[in-house]
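Lettering of chains follows the sequences in order, A, B, ..., and the numbering in each one begins at 1.
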Number of protein chains: 2
Amino acid sequence: MLTERYIKLGSEPNAIRSLFAYGQKRKAEIGEDKVYDFSIGNPSVPAPEKVKETISKLLEEPADQLHSYSQSAGLTSTRQAMANNLRQRFGIDAKYEHVYMTHGAAAGLAITIGAVAAEGDEVVVITPYFCEYSVWIETARATVVEVPAREADFQLDVPAMAAAINARTAAVIIDSPNNPVGSVYSAQNIREFTDMLKAKEAEVGHPIYLISDEPYREITYGDEVPFVPDYYDNTILCYSFSKSLSLPGERIGYIYVSDRMPDVDNVWFSVCGAARAMGYICASVLFQRVVEECVNEPSDVEAYRQNRELFTSMLDELGYEYIQPQGAFYLWIKALEEDDMAFSERAKSQFDLLLCPSSCFHGKGWARAGYCISPETIKNSRVAWEGLKASYQD
Amino acid sequence: MLTERYIKLGSEPNAIRSLFAYGQKRKAEIGEDKVYDFSIGNPSVPAPEKVKETISKLLEEPADQLHSYSQSAGLTSTRQAMANNLRQRFGIDAKYEHVYMTHGAAAGLAITIGAVAAEGDEVVVITPYFCEYSVWIETARATVVEVPAREADFQLDVPAMAAAINARTAAVIIDSPNNPVGSVYSAQNIREFTDMLKAKEAEVGHPIYLISDEPYREITYGDEVPFVPDYYDNTILCYSFSKSLSLPGERIGYIYVSDRMPDVDNVWFSVCGAARAMGYICASVLFQRVVEECVNEPSDVEAYRQNRELFTSMLDELGYEYIQPQGAFYLWIKALEEDDMAFSERAKSQFDLLLCPSSCFHGKGWARAGYCISPETIKNSRVAWEGLKASYQD
């Protein structure tokens, strides 16, 4: 029979995607350049030329083999390329046997959460966080436990996390560079956090898996992103090429179950089993081949850096408060009233300025503005930001 | 925490894919032409030339737009093309708003089963059936109820199905042209079955959804495939381009929720919600565009027809018993001993002949041989089929 949960999830879609859909409609009504859409994390930088070259080259192969099934975890050559990349960049002895190619990070996370958490378990998330985490945790029938990031700098609040972890804790999800805030957890912060987590594992007597959601790993502005498996053996990475290669609509990424994990075999089987149970057969073989060829292509961070400068200078002039982003391509801006929903609604309805309210991310009093858009849109939006500010000063 | 279910599903992969993996390994050991792999439904016919042309053309579009997110249900233009195709071919007033683009039929089925069945519900399947049905039914925490097909002709056994349906029945899954048998349910059979189902709905007082799994719809040898939504309003179609366009590794298909369904809105929302809950963001946008352009391309059924003639003539000469396939590209062959697992194992270990035992499909005493392979492999396999037969006559 139908369930309330699915009807609700389907009829009240993710607020970010709803704003984006509204923006598309509004642009058609009043013109592309009159709507300032900061709602979605759709990269403005095109995919590298090598993506196109690779696809063109692949099309010369016989079509009966090119498009045929791969093994569920992916093509061996693709998985080897992912493991090699991790080995070369981070010095970890990654084996391809523990790389599972997925339909992007969302699939990777839904599978991984399902693999390590079950009914009665708790999964800890850091507010503010990407809203779908809670959906996938609830799919696993586990309970979401929210711990706020440190207020001053949005780093992990280790004492608060320690207080939230108990014998029911199956996993913790972290995301650095962070969506929505743009913070990068420092090496010291990760060290303190994982030391605490190890102590908690010893205390509760079972593994607590650390799920590291890393779609923004390549997009930083100088800060180094600590490689989490170096700090904590029970780590599972969920990676996506959506942002680094600008392929969000093609749904390609991977899960890497750390080879240093004591129970790596069972966790690996559980990942394979969860994927199978949810109807995942294999990731697109064409895009497996594309990322196999392009995994070492650099991301065009410079474009986002320029957008960041342009955008923050403008908001500085207008007197907005925000968190200086160290990575990703989002600006976390203090709402001009306590109610972030009302703030975002006013920006939308009065100024055609589309911002995600922090409530979307289970946070209060802020808004997220994605600057993975054209510099022209940022420049043109000045009038809207001015008007929004002024509307609170009347 | 880890669950036994996922560890088991992951460590004991689907028997068909294991046979296929064995075949790949064995070919590397003793040579491509010495292994007669009838295990998997990987089309031997290449994707139509238009697939390649379409991808080449799409690559000329700006890469920042080409690969960007679509709405969860898919691109409007793609969904419209699917609805138009259904309208033109079957005369149904299909609305694109009820077409959901999926990562192939597996994702479509896992999502659809999740959308309409929940804990405590029962889902009826017809033995023999594609083994993953039961996995996805169990993911929804519903119970699998197996009803054998009619022994004589593998059509739906309507009285047996009537006896299996009760107030807990949420859905029935049918698959015509059928995998593994190759039968096509006749119009009369579908009529009797859906009349019974309507009477049962009236009796139990709630909808019983009919999930029609149709990846082989285009692959028939003269028989017409009745269009199920014409017979039963509470139908949900799960379609895939894996076989019709030979794109199994690209994972592209769709769900169509019949517009004639009284509660179409809630079922649609439930489909959207189930997809979201399992981590499906959108189907590959490149392959959405490909099927949008190629949905009306004819399938190369002639190649499979020739294989069917070649294969059945050979088995006739050797004295094997089988069901004459009306569609799909499988031959359902009577095992030469009661234990189909032992039969398949003997074929594999003594003759390098890879057949799926009927136990994989929850049936007893048969084996499935996929003839979606090269005519040369069929011809070369004669020695193995001869040897296998002789081994039972010694």
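- Between the W268(A) side chain and the S11(B) main chain, no donor and acceptor come within less than 3.5 Å of each other.
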Audit row: V271(A), Y6(B), side chain to side chain contact (heavy atoms under 4.5 Å, CB included) steps and yes/no:
CA-CA 7 Å; V271(A) 162; Y6(B) 284 159; over 6 Å; no
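- Heavy atoms of I111(A) lying under 4.5 Å from chain B are absent altogether.
- For the atom pair OG of S18(B) and CD of Q71(A), the computed distance is 9.5 Å after rounding to the nearest 0.5 Å.
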Kindly determine whether L286(B) and F287(A) satisfy side chain to side chain contact (heavy atoms under 4.5 Å, CB included), including the steps that lead there.
CA-CA 10 Å; L286(B) 187 77; F287(A) 284 98; 3.8 Å; yes
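- Of the atoms belonging to L109(B), not a single heavy atom falls under 4.5 Å from chain A.
- For D121(B), the part sitting under 4.5 Å from any heavy atom of chain A is the side chain, from C-beta outward, and nothing else.
- You'll find the side chain of L59(A) reaches within 4.5 Å of the side chain of S56(B), heavy atoms only.
- With a 4.5 angstrom heavy-atom cutoff, E12(B) touches chain A only via backbone atoms.
- Within the 4.5 angstrom heavy-atom criterion, only backbone atoms of S246(A) (N, CA, C, O) approach chain B.
- You'll find the side chain of R276(A) reaches within 4.5 Å of the side chain of E132(B), heavy atoms only.
- Residues V51(A) and H67(B) have side chains in contact (heavy-atom distance under 4.5 Å, counting atoms from C-beta outward).
- Heavy atoms of R168(B) lying under 4.5 Å from chain A belong exclusively to its backbone.
- Taking the side chain as every heavy atom from C-beta outward, V267(B) and I7(A) never approach each other to under 4.5 Å.
- Heavy-atom pairs under 4.5 Å with chain B peak, among S72(A), P43(A), P207(A), G104(A), at S72(A).
- A 4.5 Å side-chain heavy-atom check between M1(B) and V116(A) finds every atom pair outside the cut-off.
- When side chains are defined from C-beta on, I281(B) does not count as touching H103(A), because their heavy atoms never get closer than 4.5 Å.
- In this structure, C282(A) and R251(B) have side chains that are in contact, with non-hydrogen atoms separated by less than 4.5 Å.
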